Structure formats: structure tokens, C-alpha cells
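The structure appears right after this line, and notes come after that.
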Amino acid sequence: MTATDVAREATAPGPMAPRPYRVVARRQDTHDTATLDLIPLYGEQTRWRSGQFMMLYAFGVGEIAVSISGGALPGEPLRHTIRDVGAVSHALVTSRVGDVIGVRGPFGTSWDAMDAVGGDLMFIAGGIGLAPLRPSILEAVRRRGEFRHVILLYGSRPGEGFLFTDEIEDWERNHGFTVRQGVRAGLAEMTSREEFDPLRTLTLACGPDIMMEVAAKTLVGKGVPGEKVRLSMERSMHCGIGLCGHCQLREAFLCVDGPVFSYDQLVPLLATEEL
Ligand SMILES: Cc1cc2nc3c(=O)[nH]c(=O)nc-3n(C[C@H](O)[C@H](O)[C@H](O)COP(=O)(O)OP(=O)(O)OC[C@H]3O[C@@H](n4cnc5c(N)ncnc54)[C@H](O)[C@@H]3O)c2cc1C
């Protein structure tokens with residue numbers, strides 16, 4: 001190894017070093033939620049899989065985990081949809097076109113929606129939980145002919161508003177999605193009303209814990225295998241690489257073993273607490 005190699009290795013950015021990305025577009029989705037499109041100042045756009053998250057760093061404020069909501073096609077900017085609930089998310093949501101933010105990642109497991117090919121694909125989203133599902137929804141749109149039914153159950157709290165409303169209309173009208181929208185409490189009931197083949201259904205769900213718990217139990221009770229019910233566990237994460245322990249749940253580190261888990265994987269992890 002030459003001195004140059006040693007120097008390069010010693011200064012190479014690791015997974016804890018944020019890369020600077022510029023905000024190239026910003027869209028206000030609801031009163032407290034915005035979508036940012038990002039491109040790297042230097043180097044290649046990051047490659048990622050649907051369901052994964054990045055750590056976004058608002059300089060001088062802090063860093064949070066944020067799922068990727070779009071940008072899967074070559075040349076597209078990385079997209080994140082963020083709800084303004086605290087200091088860091090506020091700084092990100094209020095950033096403007098031209099601002100620079102730090103980005104680490106991608107981290108975590110993915111949805112693997114293509115496991116549903118030949119069968120039914122069901123998306124269950126609560127509030128901001130639609131954002132992490134969007135890349136897989138868009139994949140289902142692109143490959144619509146490979147699925148039987150595609151169902152979207154989407155709930156939000158009263159007054160919270162709905163995300164991507166123009167796209168949802170397109171998915172329903174032009175791509176044959178079955179869409180049920182309503183207040184969050186009604187999601188489980190919508191699930192039980194749906195017609196689908198339990199043994200040929202893959203469900204991807206993201207939202208508040210209680211919503212996912214009710215949805216998962218309802219589906220498993222109707223005969224959907226637990227392995228085919230996948231849930232994103234969006235709990236407090238700091239390092240993203242399984243070192244700091246903030247997101248540890250029994251033997252699992254949610255940032256590397258998750259955030260996407262099957263219901264079968266989660267049941268033993270959550271044995272002493274509800275979902
Ligand atoms: C894997 C993963 C993916 C995530 N993806 C997204 C995403 O795509 N978009 C997004 O907006 N957030 C996402 N989050 C949540 C995000 O990481 C932060 O937890 C959240 O933005 C709050 O951070 P903060 O520092 O702004 O507020 P904090 O100061 O940490 O919290 C302020 C207040 O808001 C409450 N709060 C924290 N998180 C939420 C929340 N998600 N909804 C409602 N109230 C909350 C806290 O309990 C506290 O009372 C994700 C989290 C994880 C672990």
C-alpha cells in the first residue's frame with residue numbers, strides 16, 4: 001500500500017459522514033408537510049431500494065432519519081417528504097431551493113414489493129406513512145400488468161390532510177388501483193371490507209404503530225401469512241448503522257435489521273409490548 005493509498009483510506013468518507021446535497025425543488029404538500037428534491041453537489045446520485053431511509057442533516061440543527069419517497073429512475077433527484085413536527089424536521093421542511101443539506105445513506109431493509117408478482121398487492125398508509133410506500137407504488141404503476149389487484153388503503157387524522165392527492169387520483173383512474181381513503185381509525189374496517197386472495201396477497205404498511213398493529217392482526221386473522229405482511233418500524237434512530245443502540249429492540253437494531261420487517265419477524269421482538 002502506498003502513502004497515497006493510506007492517505008486516501010484515512011480520509012475516505014464513511015457511513016457517518018454526510019454528503020452535501022442541494023435542494024433543487026420544494027413542494028408544499030399539506031400545511032405542515034413538504035417534499036424536497038435533492039441532488040449531490042459532487043459525485044454520483046445515491047442508489048437505493050424502496051423502503052430504505054437516509055439520515056438528513058440540517059446544518060447547525062441536527063439529523064433525522066427520513067424515508068425516500070421518490071427518485072428511483074435514472075437522472076431523477078432523490079426525493080424526501082417531511083412532516084414538520086420538531087426542530088430538525090422544521091429546519092428541513094422550511095429549507096428553500098438552493099439550500100444545502102447533509103445526506104447519509106441509504107440505510108435499512110426494503111419492501112421487496114415484487115414478491116407480489118402474480119398476486120395481489122396491498123398498501124396501507126397512515127399519514128406521512130404514504131411517503132415511504134410511494135416508490136413501491138410507482139413501481140406497481142410501471143409494472144401494473146404483473147399484479148392482479150393493487151389496493152391502497154390510506155388514512156389520515158382529521159385536519160391532517162392527504163398527500164399526493166393528484167397522483168392517487170391517477171393511480172385509481174388510469175392504473176386500476178382500488179383506493180380507499182378516510183380517517184385513520186377506519187383503516188382496519190376498510191381492510192376487512194376489501195376483497196383479496198389472502199394466500200396471494202403481499203401487504204406493505206407504514207403508519208402509527210396502532211394502525212399497523214390492527215391492520216396486521218386483521219390480515220393475519222383473515223389468512224394472510226405473517227411473512228407477507230410487511231411493516232416499517234420508524235422508531236428513533238441516530239447512527240443508521242447499528243452502532244449507537246438507540247433503536248435496539250431485543251436483539252434487533254431497527255436501523256439495520258429494519259425498518260421493514262415482516263409481521264412474523266416482529267411478533268417475537270415485540271413480545272412484551274404492543275406494536
Ligand atoms: C426509518 C425512519 C423513517 C422516517 N421517515 C420519515 C419521513 O419520511 N418523513 C418524516 O417526516 N419523518 C420521518 N421519520 C421521523 C423523523 O426521523 C423524526 O423522528 C421526526 O421528523 C421528528 O424529528 P424532529 O427532530 O423534527 O422532532 P423531535 O424534536 O424529535 O420531536 C418533536 C415532537 O414530535 C414528536 N414526533 C417525533 N416524530 C414524529 C412523527 N413522525 N410524527 C409525529 N410526531 C412526531 C415527538 O414525540 C416530539 O413530541 C422517520 C423515522 C424513521 C426512524
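Hydrogens, waters and symmetry mates play no part in the numbers below; they use all other heavy atoms, side chains included. Note that the coordinates shown come from a computational prediction; the quantities given were computed from them, not determined experimentally.
The list of ring pair (Phe, Tyr, Trp, His ring centres under 6.0 Å) pairs with a residue in residues 95-140, not counting sequence neighbours, reads Phe53-Phe107. Among residue pairs with one or both ends in residues 84-107, those qualifying as side chain to side chain donor-acceptor pair (under 3.5 Å) are Glu63-Arg104, Asp84-His90; sequence neighbours excluded. Listed by first and then second residue, the salt bridge (charged side-chain N to carboxylate O under 4.0 Å, His left out) pairs involving residues 106-126 are Asp115-Arg230, Asp120-Arg148 (not counting sequence neighbours). Under the ring pair (Phe, Tyr, Trp, His ring centres under 6.0 Å) criterion, the residue pairs touching residues 207-240 are His238-His246, with sequence neighbours excluded. The list of ring pair (Phe, Tyr, Trp, His ring centres under 6.0 Å) pairs with a residue in residues 55-83, not counting sequence neighbours, reads Tyr57-Phe59.
Counting only heavy atoms from C-beta outward, the side chains of Arg22 and Ile101 never approach each other to under 4.5 Å. Cys239 is listed as a side-chain neighbour of Met16, based on a closest heavy-atom distance under 4.5 Å. Inter-residue side-chain proximity for Val23 and Asp37 is flagged as unmet; no heavy-atom pair is nearer than 4.5 Å. Within the 4.5 Å cutoff, the side chain of Val224 has heavy atoms near those of the Phe196 side chain.
Following chains of ILVMFWY side-chain contacts shorter than 4.5 Å, one cannot reach Met233 starting from Val85, and the two form parts of different hydrophobic clusters. If you chain together hydrophobic residues whose side chains sit under 4.5 Å apart, Val24 and Val66 never meet in one group. Following chains of ILVMFWY side-chain contacts shorter than 4.5 Å, one cannot reach Met237 starting from Val61, and the two form parts of different hydrophobic clusters. Neither Tyr42 nor Val103 shares a network with the other; the hydrophobic side chains, linked directly or stepwise wherever heavy atoms of I, L, V, M, F, W or Y lie under 4.5 Å apart, form separate groups for each. No single ILVMFWY cluster, assembled from side-chain heavy atoms under 4.5 Å apart, contains both Met55 and Ile39.
When atom types are taken as modelled, the side chain of Thr201 and the backbone of Asp197 share a donor-acceptor pair closer than 3.5 angstrom. Counting only distance, with no hydrogens or angles, the side chain of Glu160 and the backbone of Arg157 share a donor-acceptor pair below 3.5 Å. Within the 3.5 Å criterion, the main-chain N or O of Gly118 finds a donor-acceptor partner in the side chain of Arg200. A donor-acceptor distance shorter than 3.5 angstrom exists from the side chain of Asp264 to the backbone of Glu227, with no hydrogens or angles considered. Remark: the backbone N or O of Phe147 is paired with a side-chain donor or acceptor of Arg144 at under 3.5 angstrom.
Shown here for Thr81 and Ile128, the closest heavy-atom pair between the two residues is O-CD1, 3.7 Å. Residue Pro40 comes nearest to Gln45 through the heavy atom pair CD-OE1, 3.7 Å, listed as atom of the first residue, atom of the second, then distance. Of all heavy-atom pairs spanning Thr46 and Gly105, the tightest one is CG2-O, 3.7 Å. Nearest heavy-atom pair across Ser156 and Gly161 is OG-O, 3.3 Å. The two residues Leu199 and Gly223 have their closest heavy-atom pair at CD2-O, 3.7 Å. Between Gly108 and Gln52, the shortest heavy-atom contact is O-NE2, 2.8 Å.
Residues forming a salt bridge (Lys or Arg N to Asp or Glu O under 4.0 Å) with Asp170 (at least two apart in sequence, or on another chain): none. Applying the side-chain contact (heavy atoms from CB on, under 4.5 Å) rule to Thr109 yields the partners Pro259, Val260; only residues at least two apart in sequence or on another chain are considered. Under the ring pair (Phe, Tyr, Trp, His ring centres under 6.0 Å) criterion, Phe261 pairs with no residue, sequence neighbours left out. For Arg26, the side-chain contact (heavy atoms from CB on, under 4.5 Å) partners are Gln28, Ala34, Leu36, Val93, Val97, not counting sequence neighbours. Applying the salt bridge (Lys or Arg N to Asp or Glu O under 4.0 Å) test to Glu76 and every residue at least two apart in sequence or in another chain returns nothing.
Between the CZ atom in Arg143 and the NE2 atom in His175 there is a gap of 15.5 Å [rounded to 0.5 Å]. The distance from atom CE of Met212 to atom CG of Leu266, rounded to the nearest 0.5 Å, is 8.0 Å. Summarising the geometry, atom CZ belonging to Arg79 is positioned 15.0 Å from atom OG belonging to Ser67; distances are rounded to the nearest 0.5 Å. In this structure, Thr178 OG1 and Leu152 CG are separated by 9.5 Å, a value rounded to the nearest 0.5 Å. For the atom pair Tyr21 OH and Leu78 CG, the distance stands at 6.0 Å (nearest 0.5 Å). Atom-to-atom distance recorded for Leu204:CG and Met122:CE is 10.5 Å, nearest 0.5 angstrom.
Counted by atom type alone, Thr30 and Asp32 present one or more donor-acceptor pairs between their side chains at under 3.5 Å.
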(request) Before giving the answer on salt bridge (charged side-chain N to carboxylate O under 4.0 Å, His left out), spell out for Arg27 and Asp166 the whole-Å C-alpha distance, their side-chain angles and the decisive distance to 0.1 Å. (result) CA-CA 13 Å; Arg27 165 176 145 160; Asp166 46 346; 3.5 Å; yes
(message) Show, in sequence, the C-alpha distance, side-chain angles and deciding distance for Arg83 and Asp29, and conclude whether the side-chain contact (heavy atoms from CB on, under 4.5 Å) test is met.
(response) CA-CA 9 Å; Arg83 184 161 170 238; Asp29 296 303; over 6 Å; no
(request) Could you walk me through whether Met211 and Ile124 pass the side-chain contact (heavy atoms from CB on, under 4.5 Å) test, one step at a time? (result) CA-CA 9 Å; Met211 183 216 87; Ile124 304 185; 3.8 Å; yes
(request) Tell me, with the steps shown, if Thr203 and Tyr263 meet side chain to side chain donor-acceptor pair (under 3.5 Å). (result) CA-CA 10 Å; Thr203 300; Tyr263 186 62; over 6 Å; no
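Hydrophobic cluster membership of Val256, counting Ile, Leu, Val, Met, Phe, Trp and Tyr whose side-chain heavy atoms lie under 4.5 Å apart directly or via other members: Phe253.
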May I have the list of side-chain donor-acceptor pairs in residues 129-142 shorter than 3.5 Å, sequence neighbours left out?
unit_1: Arg134; atom_1: NE; unit_2: Glu167; atom_2: OE1; d: 3.1
unit_1: Arg134; atom_1: NE; unit_2: Glu167; atom_2: OE2; d: 3.2
unit_1: Arg134; atom_1: NH1; unit_2: Ser69; atom_2: O; d: 2.7
unit_1: Arg134; atom_1: NH2; unit_2: Glu167; atom_2: OE1; d: 3.0
unit_1: Ser136; atom_1: OG; unit_2: Ser50; atom_2: OG; d: 2.7

